[in-house]
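Data first, discussion second: the structure below is written as structure tokens.
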Amino acid sequence: MADHDLHEYSRALVTDVQALADAEGGSIPNTFTQRVLEILEEAGVVTDAALAYHYSRGLEIYGYGLPEDGSSLDLYTTDFSLTPLRSKLTKVESDRLFRRLFAFLSKHAAIRPNQEDNTDVYDMCTGVEKALSNVPKIRLFLLSNRVSTTSAPEPGEFEGIPVAYELWDLARLHRHETSGSIGEPIKVTFERALPCLAAHSDEPNYSVVLAVIPGRQLAELYKEHRTRLLELNVRSFLQTRGAVNKGIRETLLNAPSRFLAYNNGVTATASDVDFETDEAGIPVAIRSMTGLQIVNGGQTTASLHHVLTRDKRDLGGVYVQMKLTIVDPAHLSEIVPRISQYSNTQNKVTLVDFSSNHEFHVAFERVSRSLWAPAANGSGQETRWFYERARGQYTDKFAEHETRAAKRKFKLITPTRQRFSKSDLATFVHSWEQLPYWVSRGAQKNFAHFMERIEKSDPVVDVHYCKRAIATALLFQAADRIARTHSAGSHKRLITTYMVARLSLATEKRIDLDRIWNEQGTTNALREALDELCPLIMKTVISGDRHVSEWAKKPDCWDEVSRIPWTAPDALASELTVEPFEIASPESTESDEAEAAVEDIPSEEWRALADWAREGRVLRSVDRQLADRVAQRLSQGRRVVGVQARQAMEVYEEALRKGFHPASAVLDHETT
């Protein structure tokens, strides 16, 4: 993370919190707490969070959360500074704040009698007391706008209930808010213009120039931009294991002046080039390029970098020929695959490789690589899923880290088990989409069919799409582990895809994929259902004298499996969503409708609703606070968006069901 980006984010956050506190008449720490909780609610980390500040000797708490599904009891405390970058949040400070928050668990019963029964703190104490009788876990959150020097404490317990600690400091908040962002195109400016030879073209959408670029300059470009320079390459650098790469390195080490003669050079594309021209207007040198990509020759580029940085060779006499195609961005997906296919003769390239630069996969890589997966099992360690759009990218990325500590950190954040390829993605999604007979036909055929469906449906690859696709990966992996315990042997992958497909059919795709993403795993009920289903699948797929692999490829096999008499057990049925889960989410449409509905209701009506609920103690404390916030925002001309808008409309509809009458309530409020 760039220090400049973090500094700008910190400054903007403080400014935003101060402005909100001033506009709403609240305290700055409370406003910061509310701001962060909105971020975490939007991301699905917390739900039903409410503010309730209480301070006493040895104790401080800013709010609580009681999710409707009873999955946890959440307590929040805050560390806010108007000058957050002047000091860091130390381990001593964070431990002290967590201890003061933990103290509320044992002291809440003594606090409640001293509170009026219509206050937020009273509601908090009551809610916590009820939750502690049956809640499966407690989560303690420390929210800070400073950078922490330590991680959260190890998990503990309170009266036999597991307690997990969540530390959300400035760096983690910044990562979370920028998760899903897309990188800018690479722009390269040459200190000395690069001589080139332009080739005549009558095509309106592209033109070609030839140039010779110094090897050191190409290596330094890779050093600065790394694999972003190879985003449109059909594969990434395959390290120095293959014969071709060893040959590149040998030439660079032993005969650098002959490199231009021996090496095929690189094929690159750019969306825009600034040329120096001669008197006739013909390009003679390249000043700068925008949107530079190495389409073919990624191994050459990365090998140059390897020799420069690892072998410590100067590369002073090394030159590389470059064929540069200037392509209209609208035609990249049409032209680049052909450039890759016709110019690539170094290593065998498969059908899956040739689709690497398809716009779907480029978008999926960019969005998925910028996502931070929620910490699992109370570890507090967020991770990344690594979509290997091009062969060798994971190994290449790992090799960029030179020290053992850096390599360990990379493996911790991006574990091997969370690496998956394009053919893996096709397997996960097709299993969910109830196409196991295509998965059983092998990676190449299944992937080809996956691409045909992509071309027809043209999905929007956004954060929701990627999260749900990865959720199908987690589901597939869980089923695969269960198939292993049932000794599926060499047929395990066939059994797994049929198991996931049959589960998807039986539940009408109502498995909560968002929950699987948020928890980075499957529930006990889901695993127990798969365990019950597995032997039934094995009996049908591995049956009689049939050739199992050939039988599994036939739609008739799926027809038999789909007719297995099996329904979801009650425990799983209770977890199913109302609507089916498609990978592509309609949430944006739902949000737009909710935002419009909120704005159609005057701020006075929202204020009246909050007062009505508070006087009659009809709604939950969190719902009353939400109505207050909506009223404030609308009265200030600010919008209510996303999750908050949808939640606000749910609160409004619940109030109507419980007897709220808008017209009379507004009249009473105005009279008062």
Would you say the side chain of [Y] lies within less than 4.5 Å of the side chain of [X], judging by non-hydrogen atoms?
{"X": "V147", "Y": "L6", "answer": "yes"}
{"X": "L513", "Y": "T577", "answer": "no"}
{"X": "F102", "Y": "L75", "answer": "no"}
{"X": "R249", "Y": "D311", "answer": "yes"}
{"X": "F158", "Y": "L140", "answer": "no"}
{"X": "P155", "Y": "Y165", "answer": "no"}
{"X": "R175", "Y": "Y9", "answer": "no"}
{"X": "D559", "Y": "S562", "answer": "yes"}

If the plane angle is over 60° it's perpendicular, under 30° parallel, otherwise tilted; pick one for W558 and Y498. tilted

Parallel, tilted or perpendicular: which describes the rings of F450 and F447, with under 30° parallel and over 60° perpendicular? tilted

F386 ring centre to K397 NZ or CZ under 6.0 Å, with the angle to the axis within 45°? no

Between R468 and W517, is NZ or CZ placed under 6.0 angstrom from the six-membered ring centre and within 45° of the ring axis? no

Using every non-hydrogen atom in the two residues, find where [X] and [Y] come nearest and quote the distance to one decimal.
{"X": "V135", "Y": "L73", "value": "CG2-N, 3.4 Å"}
{"X": "I516", "Y": "A471", "value": "CG2-O, 3.7 Å"}
{"X": "F141", "Y": "L101", "value": "O-CD2, 3.6 Å"}
{"X": "R139", "Y": "S72", "value": "NE-OG, 3.8 Å"}
{"X": "Q434", "Y": "Y437", "value": "O-CE2, 4.4 Å"}
{"X": "L173", "Y": "V36", "value": "CD2-CG1, 3.8 Å"}

Under the ring pair (Phe, Tyr, Trp, His ring centres under 6.0 Å) test, which residues partner [X], sequence neighbours left out?
{"X": "F581", "result": "none"}
{"X": "W432", "result": "none"}
{"X": "Y387", "result": "F364, F420"}

Qualifying residues under side chain to side chain contact (heavy atoms under 4.5 Å, CB included), relative to S151, sequence neighbours excluded: none

T427: side chain to side chain contact (heavy atoms under 4.5 Å, CB included) partners, not counting sequence neighbours: S431, V439, N446, F476, R493

From [atom1] ([X]) to [atom2] ([Y]), nearest 0.5 Å:
{"X": "N145", "Y": "H174", "atom1": "CG", "atom2": "NE2", "value": "14.0 Å"}
{"X": "T540", "Y": "E560", "atom1": "OG1", "atom2": "CD", "value": "6.5 Å"}
{"X": "S457", "Y": "E452", "atom1": "OG", "atom2": "CD", "value": "11.5 Å"}
{"X": "R453", "Y": "E433", "atom1": "CZ", "atom2": "CD", "value": "5.0 Å"}
{"X": "D95", "Y": "K91", "atom1": "CG", "atom2": "NZ", "value": "4.0 Å"}
{"X": "D169", "Y": "S94", "atom1": "CG", "atom2": "OG", "value": "10.0 Å"}

Partner set under side chain to side chain donor-acceptor pair (under 3.5 Å) for [X], not counting sequence neighbours:
{"X": "R146", "value": "D79, S87, E93"}
{"X": "K553", "value": "E550"}
{"X": "S421", "value": "S423, D424"}
{"X": "S549", "value": "none"}

Do the side-chain N and O atoms of [X] and [Y] include a donor-acceptor pair separated by under 3.5 angstrom?
{"X": "Q299", "Y": "H306", "result": "no"}
{"X": "D480", "Y": "T496", "result": "yes"}
{"X": "K411", "Y": "T416", "result": "yes"}

Donor-acceptor contact present, side-chain [X] to main-chain [Y], <3.5 Å:
{"X": "Q418", "Y": "R384", "result": "yes"}
{"X": "T497", "Y": "L494", "result": "no"}
{"X": "R419", "Y": "T414", "result": "no"}

Tell me if the [atom1] atom of [X] is crowded by more than 12 foreign heavy atoms within 6.0 Å.
{"X": "N134", "atom1": "CG", "answer": "yes"}
{"X": "K88", "atom1": "NZ", "answer": "no"}
{"X": "K554", "atom1": "NZ", "answer": "no"}

Residues at least two apart in sequence or cross-chain that pass salt bridge (Lys or Arg N to Asp or Glu O under 4.0 Å) with E166, listed by chain then number, are R172

Once salt bridge (Lys or Arg N to Asp or Glu O under 4.0 Å) is applied, do any residues pair with K409, and if so which ones, sequence neighbours excluded? none

Before we go on, tell me: are the rings of Y394 and F410 under 6.0 Å apart, centre to centre? yes

Centroid-centroid under 6.0 Å between H430 and W438 rings: no

Does anything in residues 522-534 form a side-chain hydrogen bond (donor to acceptor under 3.5 Å, both in side chains)? List the pairs, not counting sequence neighbours. H486-D531, T522-R527, T523-E575, N524-R527, E532-W566

The test is side chain to side chain contact (heavy atoms under 4.5 Å, CB included); show your working for L37 and L143 and say whether it passes. CA-CA 9 Å; L37 291 177; L143 316 175; 4.2 Å; yes

Hey, mind stepping through L572 and L503 against side chain to side chain contact (heavy atoms under 4.5 Å, CB included) and telling me if it holds? CA-CA 11 Å; L572 177 59; L503 180 75; 3.9 Å; yes

Residue pair E579, K509: steps toward the salt bridge (Lys or Arg N to Asp or Glu O under 4.0 Å) verdict: CA-CA 8 Å; E579 298 295 329; K509 293 185 179 179; over 6 Å; no

Trace of the side chain to side chain contact (heavy atoms under 4.5 Å, CB included) decision for V541 with I495: CA-CA 7 Å; V541 177; I495 299 303; 4.0 Å; yes

Criterion side chain to side chain contact (heavy atoms under 4.5 Å, CB included) on V367 and V463, from CA distance to verdict: CA-CA 6 Å; V367 178; V463 169; 4.0 Å; yes

